[in-house]
Amino acid sequence: MSIGYACLTVGIPNTDLKSVTKKNATEERLKEVIQHNLNALENMIDYNSKQNIRLYRISSDLIPFGSSPVNTLNWGEIYGEDFRRIGKKIKNNDLRVSFHPGQYTVLNSPHSDVVERAIEDLRYHNKIMECMEIDFTHKIVVHIGGVYGNKEEAIKRFIQTFRKLDQPIKNRLIIENDDRLYTVEDVLGIAEACSIPVVFDNLHHTANHQGDPKTEAYWIKEVNNTWREMDGKQKVHYSQQASSKRIGAHTKTIYIGPFLDFYRTLPDTSIDIMLEVKDKNISTIKINNALSIDKNIARLEKEWARYKYAVLEKSPENYQAIRQLLKNKNEYPVIQFYQLIEEAMDTITFEGNAVNAAQHVWGYLNDGAIESEKRAFERNLTKYRNNEGKLRTVKNQLLKLAEKQAKDYLIQSLYFY
DNA sequence: TGACGTCAAGATCCG
DNA sequence: CGGATCTTGACGTCA
């Protein structure tokens, strides 16, 4: 089984993607941004390999206007070497990547121009994978599209359009249930007509199952039949409902308890699970640690180094509790560890705790700071205390100083994000 | 016409 | 002038 995340990393240097607006999309600017983004992608691939994160969704924004006439560059050739090098890393490290064009790529629209653009968009995504020379286990996930007042006709149009697609795209395309229009049952029917795999999304299913009483595990087993040898392992999307938010809104982090409850119901635990969550790689590492066969506490200590100041800011009590928890080096208390972190992060910030944590971090930077930086820190902190300034300002200054003083230990800290 | 989702660019404000 | 904060962009469908 592989656990993965989508598009962006949290807290990893040099992995940000740039974009260009239409009116500034000159060849020169596009070239700069594409080169920058490929570099960022390569850094993310390197990071994933190193962290043993084997599943990753590449952002559709990799090439700005990649499927639009606005971008006239022959980017496949210009950056051919970069693509092949990244592709090699993906293959050599046994990573599985995917794409997920958004809600604006609609194959079943009654408007032919919309469909044409959607097909161009699939060609764009497929072209990147071909440039990387990676096989058909690396997938492109789409939703079915709109209903337009007649679902039966809309489904027919999807199937007809699918039949016209280029063969390599047919080999990569997989389809997912959505949260409003197409249930997993609808998608299964379409998948059978097209002979392509289905991605089950648990939260979409919760939002859109029209009274269907069957369990998530049932549907995961059911859609497993759509995955053939050439498609690779079955893949599902997993996220959790944010309490007190709109149905379908997902949580900031994957809570370890509910995830393990879900995991235990799986008919086959060798499938790939894409986490759809705000904190991205953070949750992925959490789940990998929860499922790891290697139950060495060093894994948790490494995590603690990144979390500790963020926890200290929210809850000194949980900070102390985690320190106690990690004392016995023969244990692997992964669940309690993350639950204490989750509980702390869900606490509202108390000013005194935040000031304490900021001063704690400052303790590592004080000696290397010049007078004006010291004064700036005191000023920012006093302002925050008097409700005249934001905690964000204090943290941004601390991060800047950590970077200036090359305190890698601090730069990696989740305290800043 | 706004909401949906997403996140960086662009614009503007502040000291 | 730099940094912080806000608004816009880019896409299609639905209510």
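Chain letters run A, B, ... following the sequence lines, proteins first, then strands; residues in each count from 1.
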For Y309(A) and W304(A), I'd like to know if the aromatic rings sit close, meaning centre-to-centre distance below 6.0 Å. no

Of all the nucleotides listed ([options]), which has the minimum atom distance to the side chain of [X]?
X	options	answer
R180(A)	dC14(C), dC7(B), dG12(C)	dC14(C)
K23(A)	dC4(B), dG10(B), dT5(C)	dG10(B)
F65(A)	dA10(C), dC7(B), dC4(B)	dA10(C)
T21(A)	dA4(C), dA10(C), dC4(B)	dA10(C)
Y148(A)	dC14(C), dC7(B), dC11(C)	dC14(C)
R117(A)	dG3(C), dG12(C), dG10(B)	dG12(C)

Lys NZ or Arg CZ of K127(A) over W75(A) ring: under 6.0 Å, within 45°: yes

Cation-pi geometry met for K151(A) and Y182(A) (6.0 Å, 45°): yes

Describe the nucleic acid contact of V147(A) in one word from base, sugar-phosphate, nothing, applying a heavy-atom distance below 4.0 Å. sugar-phosphate

Taking for K383(A) and for Q103(A) the nucleotide of DNA chain B with the nearest heavy atom, the one nearer the 5' end belongs to Q103(A)

On DNA chain B, check which nucleotide each of D16(A) and D179(A) is closest to and give me the residue with the more 5' one. D179(A)

